[in-house]
Amino acid sequence: MIDIKLIRDDVDLVIQKLSTRNKDFEYLRDVKAMDERRRQLLVEVEQLKNIRNEKSKLIGQLKREKKDATDVLDSVAHLGADIASMDQEVAMIEEKIEYALLTTPNLLHASVPIGKDETENVEIKRFMTPTMFAFTPKAHYEIGEQLDILDFERASKITGSRFVVYKGLGARLERALISFMMDLHAKKGYTEIIPPYIVNRKSMTATGQLPKFEEDAFKIANGNGDWFLNPTAEVPTINMYRDEVIDMSQLPLKFCSYTMAFRSEAGSAGRDTRGLIRTHQFNKVELIKFAVPEEGYSELEKMLLDSEDVLKVLKIPYHVISLCSGDMGFGMAKTYDIEVWIPSQNTYREIGSISTAEDYQARRGNIRFRRDKDAKLEYVHTLNGSGLAVGRTLVAILENYQNEDGSVTIPDALVPYMMGVKEIK
RNA sequence: GGAGUAGUACUCAAGCGGCUGAAGAGGUGCCCCUGCUAAGGGCAUAGACCGGGGAACUGGUGCGAGAGUUCAAAUCUCUCCUACUCCGCCA
């Protein structure tokens, strides 16, 4: 969350900065007023508590000396009710402020292009030219069904729509991609992680999924209603360090985290209903970094390159866009999306997203570091990037590596992971 | 799932409702001593968070978390979390 001191100091500036997200933030003026009321109450109630503490001490002393304490007891008796009611008001105000801050998005970095929606995102770079075919390319679900490596019908029988069964070499390809990606990143110094796929409410709150986007998550009945299916490895991996102080010498911490990710896809009814572009359950390899603030943005650029490298090695065309202000995610200060070429749709589609939250998540999750022994604690910067979405990478391979006869060539880099298979036919 | 035990600072650990923001030990830092090392001695070692103040300072909260009893809670009560032991079940 953003620092309440910013609101205290200059609420107009904060509102102005947030306004590029094309939403209304006038309620922050109420937050400022509540904060003032709270501090004023604190001064009053703390004075009363000080009096009570002093008198309590005196009572203890008198009793030890076997003296009469009735007068002091009488004089302190009325304080309790006042303190209790003021405490209650403070708690109520704090709850409201807390909720407002938890539902206020991050401030954007100065380099984020201003724009109203996804149509105004800015292309940063391209890799390769879109794949050309001498025939009409098929969609990945047609290819997958014909090769009998993807089975959507049976998946919907087992569960429902937006699920898939990977079969035979399809299953092997999915598995190969996970290993390939993890190897690629691990070789560059990212520590491999396989975290829990179920996370609790605190974790979801720290990374920003809650309290605002509860309907996007799968909640499960166990865990007193406070357990959720992992929506992205960013959640469990960043929360590894929640409420911790990270030793300065360990920064930047770099992780590549493999998870199965789960999304309710509430609100995307009708979109990408066919195929595995948008499923409730998908594999994802995610890059996560914890960095000192001054290195946050250089680490973001490096992470983008590491993420791109997956498609470079696989030789699949993509471009990178910088999300404009109106399309930015809730908790992030700056985001690059990698979009991969999808021949059947004749367009680029998102396959990865690389972002920095600056200290927004660190403040929510209380993740800090200290520069040296006597230095004050500071919040780290947290970064996350896809490395990549595995299902969508499989889509990109099926479509970009398809042949006229319906077969699919396996990218060279994956052949060793496919037990030598060079083609699916 | 059942039964039990425990959670105090960097670590271990004492702790009677008030004199405990917390004994003691280790560790760590600085200093002394011994030619160096091993060993020994001295001093320091609660931070964090929320406030007030221009500042020096100062108030509040903190003993797994939350609620309660009380003028007063590490200490009493309740709920929860976590770890460990035994039983049951199970990949």
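Small disclaimer: the values here were computed from a predicted structure and weren't measured. To find a chain, count down the sequence lines: A is the first, B the second, and so on, and within it residues start at 1.
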Under a 3.5 Å cut-off for both contacts, is [N] paired Watson-Crick or G-U wobble with anything, and if yes, with which nucleotide?
N	answer
U70(B)	none
G24(B)	C12(B)
U79(B)	A65(B)
U34(B)	none
A56(B)	none
C43(B)	G29(B)
G1(B)	C87(B)
C19(B)	none

Mind checking Lys55(A) for me? I need base, sugar-phosphate or nothing, with any heavy atom below 4.0 Å counting as a touch.
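If one applies the 4.0 Å heavy-atom cut-off, Lys55(A) turns out to touch nothing in the nucleic acid.
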Across the strands shown, which category fits Arg8(A) at heavy-atom distances under 4.0 angstrom: base, sugar-phosphate, nothing?
sugar-phosphate
Students often mix this up, so state it plainly: with edges at 30° and 60°, are the rings of Phe163(A) and His280(A) parallel, tilted or perpendicular?
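Geometry flag for His280(A) against Phe163(A): tilted rings.
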Span that lies between the [atom1] atom of [M] and that of [N], in whole angstrom:
N	M	atom1	result
C71(B)	G59(B)	P	25 Å
C86(B)	A67(B)	P	36 Å
C10(B)	G18(B)	C1'	30 Å
C78(B)	G26(B)	P	38 Å
C87(B)	U79(B)	P	27 Å
A72(B)	C19(B)	C1'	13 Å
G64(B)	A9(B)	P	8 Å
A83(B)	G24(B)	P	33 Å

Working note: Arg162(A) + Glu265(A), criterion salt bridge (Lys or Arg N to Asp or Glu O under 4.0 Å); need CA distance, chi angles, decisive distance, verdict.
CA-CA 9 Å; Arg162(A) 294 200 190 283; Glu265(A) 294 300 344; 5.7 Å; no
Applying side chain to side chain contact (heavy atoms under 4.5 Å, CB included) between Val43(A) and each of Gln47(A), Glu46(A), Gln40(A), report the one that passes.
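So, applying the side chain to side chain contact (heavy atoms under 4.5 Å, CB included) to Val43(A) and each of Gln47(A), Glu46(A), Gln40(A), only Gln47(A) qualifies.
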[X] has an atom [atom1]; how far is it from atom [atom2] of [N], in whole Å?
X	N	atom1	atom2	value
Glu36(A)	G52(B)	CD	P	11 Å
Ile93(A)	C50(B)	CD1	P	17 Å
Glu46(A)	G59(B)	CD	C1'	6 Å
Leu58(A)	G18(B)	CG	P	16 Å
Lys57(A)	U20(B)	NZ	P	10 Å
Arg64(A)	U20(B)	CZ	C1'	11 Å
Glu378(A)	C49(B)	CD	C1'	17 Å
Leu42(A)	G53(B)	CG	P	13 Å

Ignoring backbone atoms, test whether [X] places a side-chain nitrogen or oxygen under 4.0 Å from the OP1 or OP2 oxygen of [N].
X	N	result
Arg38(A)	G51(B)	yes
Asn50(A)	G60(B)	yes
Asn53(A)	U61(B)	yes
Arg39(A)	G59(B)	no
Arg368(A)	C49(B)	yes

Electrostatic pair Asp151(A)-Lys167(A), nearest N-O below 4.0 angstrom:
no
Are Glu26(A) and Lys32(A) ion-paired here, with the side-chain N under 4.0 Å from a carboxylate O?
no
Which glycosidic conformation, syn or anti, is assigned to G54(B) if syn requires a torsion within 90° of zero?
anti
Are a donor atom and an acceptor atom from the side chains of Thr409(A) and Lys422(A) found within less than 3.5 Å of each other?
no
When Leu73(A) and Glu94(A) are each assigned the nearest nucleotide of RNA chain B, the 5'-most assignment goes to Glu94(A)
Starting at the 5' end of RNA chain B, which residue's closest nucleotide do you reach first, Ile51(A) or Gly60(A)?
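Taking each residue's closest nucleotide, the earlier one in sequence belongs to Gly60(A).
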Ring centre gap for Phe218(A) and Phe228(A) strictly below 6.0 Å:
no
Check each of Lys334(A), Lys302(A), Glu358(A) against Tyr297(A) using the side-chain hydrogen bond (donor to acceptor under 3.5 Å, both in side chains) test, and report the only one that passes.
Glu358(A)
